[in-house]
Engineer: 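Take a look at the following structure, please.
Every chain is numbered from 1, with letters handed out A, B, ... down the list of sequences.
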Amino acid sequence: MSDNIKLADLLLPNIDKTPDYYENLYPARNLPEGARVVRVAPSPTGYLHLGVLFASLVNRITATSSGGVFFTRIEDTDKKREVEGGIEDIIGGLARFGITIDEGFISGTEQKGDYGPYQQSHRAEIYQTYVKELIRQGLAYPCFCTAEELEATRNEQEAKKIRTGYHGEWAKHRNITFEEAKKLIDEGKPFVVRLKSPGNEDNKVVFEDAIKGKIEMPENDEDFVLLKSDGIPTYHFAHAIDDHLMHTTHVMRGDEWISSVPKHIQLFRLLGFKVPKFAHISPIMKLDGGAKRKISKRKDPEAAVHFFAEEGFMSESVIEYLMTIAASDFEDWRRANPDKSYKDFKFNLKKMSVSGALFDGVKLLDVSKNMVSRLSSGQVYGFVTAWAKEFDTDFYNILTSNPEYSKAVFAIDRDVPKPRKDIAKWNEVKEYFSYMFEEYYTPDFTLPENIAKEDAVNFLKAYSEVYSPEDDKQTWFNKIKEIAPTLNFASETKEYKANPEAYKGHAGDLSTVLRIAITGRRNTPDLCSIMQVLGKDKCLERIKNAIRG
RNA sequence: GGCCCGUUGGUCAAGAGGCCUAAGACACCGCCCUUUCACGGCGGUAACACGAGUUCGAAUCUCGUACGGGUCACCA
């Protein structure tokens with residue numbers, strides 16, 4: 001028996017399977033030509049982050065566009081950083097944003113698919129089987145260095161201005177013998193398994209990134225860690241094994257991984273795996289002071305996707321906005337296909353930006369206003385109450401105490417050919433329609449400077465005589481026009497503009513008076529509709545109060 | 001610092017040697033429409049980081065500089 005094989009048995013005595021076992025267990029997928037198998041592999045270290053949502057979206061539409069598969073995999077190899085409920089938060093969050101998952105974790109607790117388990121902490125035996133094979137082939141070895149020793153090596157390298165890391169002559173245990181290893185093991189010394197890298201820094205590894213194009217980097221010569229001392233793999237190793245066994249065709253992830261690609265390619269080749277295609281997604285940036293930087297969980301509220309729910313953004317609006325960042329041709333497509341789902345958009349990785357986009361909250365607002373404007377009053381009622389139930393129970397109780405009235409309020413200037421585009425998110429609704437609810441209404445009969453108080457009062461008196469809650473828009477305005485001349489106001493705006501000295505104002509000014517009396521504001525949606533919804537009693541009462549001053 | 005990547009108006013971006021006197025969207029400004037405000041329509045301000053080179057011709061190719069970003073763990 002060779003030393004390598006003895007070493008492998010010494011290090012991993014309980015592993016009795018061989019890679020062949022798993023190769024047979026997870027056969028190639030039966031998919032049509034061109035179908036892409038992609039995944040998002042979050043680590044449950046916190047809540048769903050905007051960047052993860054974005055990467056998931058890009059993966060999702062890539063799978064959809066190619067008739068492929070999108071799966072999730074939980075990368076929980078770092079138990080120290082794990083957060084309770086993290087899986088549920090992330091996977092559940094994706095679901096709430098309408099990102100459908102074909103395979104892997106489909107909720108916080110359920111997984112489906114033939115290539116699982118989809119959680120790295122449950123795949124230890126698989127990883128160890130492959131590591132054992134690498135050791136047998138002399139491509140991996142145990143390293144007994146302590147954190148202190150590694151630190152000392154680093155300091156020495158820095159002092160000598162040499163490239164830091166565990167490589168070449170600095171790789172202390174690279175040529176450890178079976179006997180030496182056995183002795184240390186018998187002493188109970190912990191160890192990690194490192195790759196015995198055959199790479200040479202002077203060689204170049206070239207790969208074609210589906211987003212960034214051709215990238216050339218020095219070959220990896222670092223004997224990086226494959227298996228940590230707890231027997232769990234590092235990201236690099238788990239990535240190679242999992243994406244091979246799960247038959248991922250395109251690895252699409254954040255571009256912070258680019259610098260690790262030489263390690264990954266080396267691993268795939270050494271293991272005899274087909275190297276997948278890589279697509280590195282640029283991060284969403286944020287302006288901080290004058291500097292652009294990657295959006296950060298710690299500093300930016302909008303980094304946590306939960307922020308958007310609290311603000312009352314529809315998840316569809318956030319997705320729609322993210323699509324405009326993801327694909328430069330998406331907005332053109334949207335104009336041509338206003339009613340289609342973004343899922344019908346033919347996504348092309350080539351249309352992704354090579355550099356990171358600044359998160360533009362103003363643009364999100366615009367996108368969102370357009371989305372909201374397309375909703376019916378019933379839909380708005382559903383969304384607003386769902387939002388208020390969680391974030392504004394007072395408002396929720398008022399809305400649901402009289403659903404028909406609430407819906408009528410939301411129907412104002414809505415269920416019409418050209419709906420208004422005023423509301424972007426649900427937390428604006430209460431303020432926007434505050435005058436429609438007695439609980440929130442604040443009377444304020446402050447008139448514009450060009451209208452005399454006396455005229456306003458006289459107008460309101462005259463108007464309350466002829467007012468009828470049954471009036472349609474035309475009749476409603478005609479009544480104002482009829483009163484206008486009696487107060488020396490022009491009935492028609494054009495008359496007034498042609499001869500402004502002859503009048504005190506025009507009918508439009510009088511409607512403003514009425515508007516202020518009814519709503520306490522100068523600007524509102526259609527006043528006639530507002531008065532119809534408010535009803536006769538309230539209108540008359542508010543007019544009366546205004547007259548009284 | 002080493003190694004990668006990037007740099008077109010305030011923002012997102014089109015652009016792959018002549019079609020660029022550089023598209024479109026958001027934002028901003030003006031006008032029109034209009035009972036207010038929105039909507040809508042029309043118009044406007046505003047950009048190829050800098051310097052060399054290749055070429056008849058460069059936003060597009062090459063090199064350098066500057067600036068920005070990423071990465072250098074038993075974290076992902």
Engineer: Taking distance alone, no hydrogens or angles, what donor-acceptor pairs closer than 3.5 Å link side-chain atoms of residues 441-452 of chain A to residues at least two apart or in another chain?
Structural biologist:
from	atom 1	to	atom 2	distance (Å)
A/Asp444	OD1	A/Thr446	N	3.3
A/Asp444	OD1	A/Thr446	OG1	2.5

Engineer: Is atom NZ of A/Lys350 surrounded by more than 12 heavy atoms (other residues, nucleotides or ligands) closer than 6.0 Å?
Structural biologist: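 Not more than 12 within 6.0 Å, no.
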
Engineer: At a cut-off of 3.5 Å, list every protein nitrogen or oxygen paired with a nitrogen or oxygen from nucleotides 30-37 of chain B, distance to 0.1 Å.
Structural biologist:
from	atom 1	to	atom 2	distance (Å)
B/U35	O2'	A/Ser511	OG	3.1
B/U35	O2	A/Ser511	OG	3.1
B/U35	O2	A/Arg515	NH2	3.3
B/U36	O2'	A/Arg522	O	3.3
B/U36	O2'	A/Asn523	OD1	2.7
B/U36	N1	A/Arg515	NH2	3.3
B/U36	O2	A/Arg515	NH1	3.4
B/U36	O2	A/Thr524	N	3.0
B/U36	O2	A/Thr524	O	3.1
B/U36	N3	A/Arg515	NH1	3.3
B/U36	N3	A/Thr524	O	2.7
B/C37	O4'	A/Asn523	OD1	3.4
B/C37	O2	A/Arg420	NH1	3.0
B/C37	O2	A/Arg420	NH2	2.1
B/C37	N3	A/Arg420	NH1	3.1

Engineer: State whether the distance check finds a donor on one side and an acceptor on the other, under 3.5 Å, for side chain A/Ser229 versus base B/C74.
Structural biologist: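 Yes.
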
Engineer: At a cut-off of 3.5 Å, list every protein nitrogen or oxygen paired with a nitrogen or oxygen from nucleotides 22-29 of chain B, distance to 0.1 Å.
Structural biologist:
from	atom 1	to	atom 2	distance (Å)
B/G24	O2'	A/Arg335	NH2	3.1
B/A25	O2'	A/Glu331	OE2	2.9
B/A25	O2'	A/Lys363	NZ	2.7
B/C26	O4'	A/Lys363	NZ	3.4

Engineer: For A/Tyr166, is the NZ or CZ atom of A/Arg194 found under 6.0 angstrom from the centre of its six-membered ring and inside 45 degrees of the ring axis?
Structural biologist: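 Yes - A/Arg194 lies over the ring of A/Tyr166, closer than 6.0 Å to its centre and within 45° of its axis.
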
Engineer: Is A/Thr45 touching bases, backbone alone, or none of the nucleic acid, heavy atoms closer than 4.0 Å?
Structural biologist: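 No contact.
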
Engineer: Partners of A/Glu222 by side chain to side chain donor-acceptor pair (under 3.5 Å), sequence neighbours excluded?
Structural biologist: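 Scan of A/Glu222 (side chain to side chain donor-acceptor pair (under 3.5 Å), adjacent residues dropped) gives none.
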
Engineer: Using nucleotides 59-65 of chain B, report all nitrogen or oxygen pairs with the protein that are shorter than 3.5 Å.
Structural biologist:
none

Engineer: Would you say that more than 12 heavy atoms from the other residues, nucleotides or ligands in this model lie under 6.0 Å from the CD of A/Gln474, or not?
Structural biologist: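 No.
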
Engineer: Considering only side-chain heavy atoms of A/Glu256, which listed nucleotide, B/C74, B/G15, B/U71, is closest?
Structural biologist: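 Taking heavy atoms from C-beta onward, the closest nucleotide is B/U71.
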
Engineer: Between N or O atoms, less than 3.5 Å apart, protein on one side and nucleotides 40-44 of chain B on the other: list the pairs.
Structural biologist:
from	atom 1	to	atom 2	distance (Å)
B/G40	OP1	A/Lys421	NZ	3.1

Engineer: The side chain of A/Arg81 lies closest to which of these nucleotides: B/G70, B/C75, B/G15?
Structural biologist: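 Nearest to the side chain of A/Arg81 among the choices is B/C75.
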
Engineer: At under 4.0 Å between heavy atoms, what does A/Ser373 touch on the DNA or RNA strands: base, sugar-phosphate, or nothing?
Structural biologist: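 Since no nucleic acid heavy atom lies under 4.0 Å of A/Ser373, the category is nothing.
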
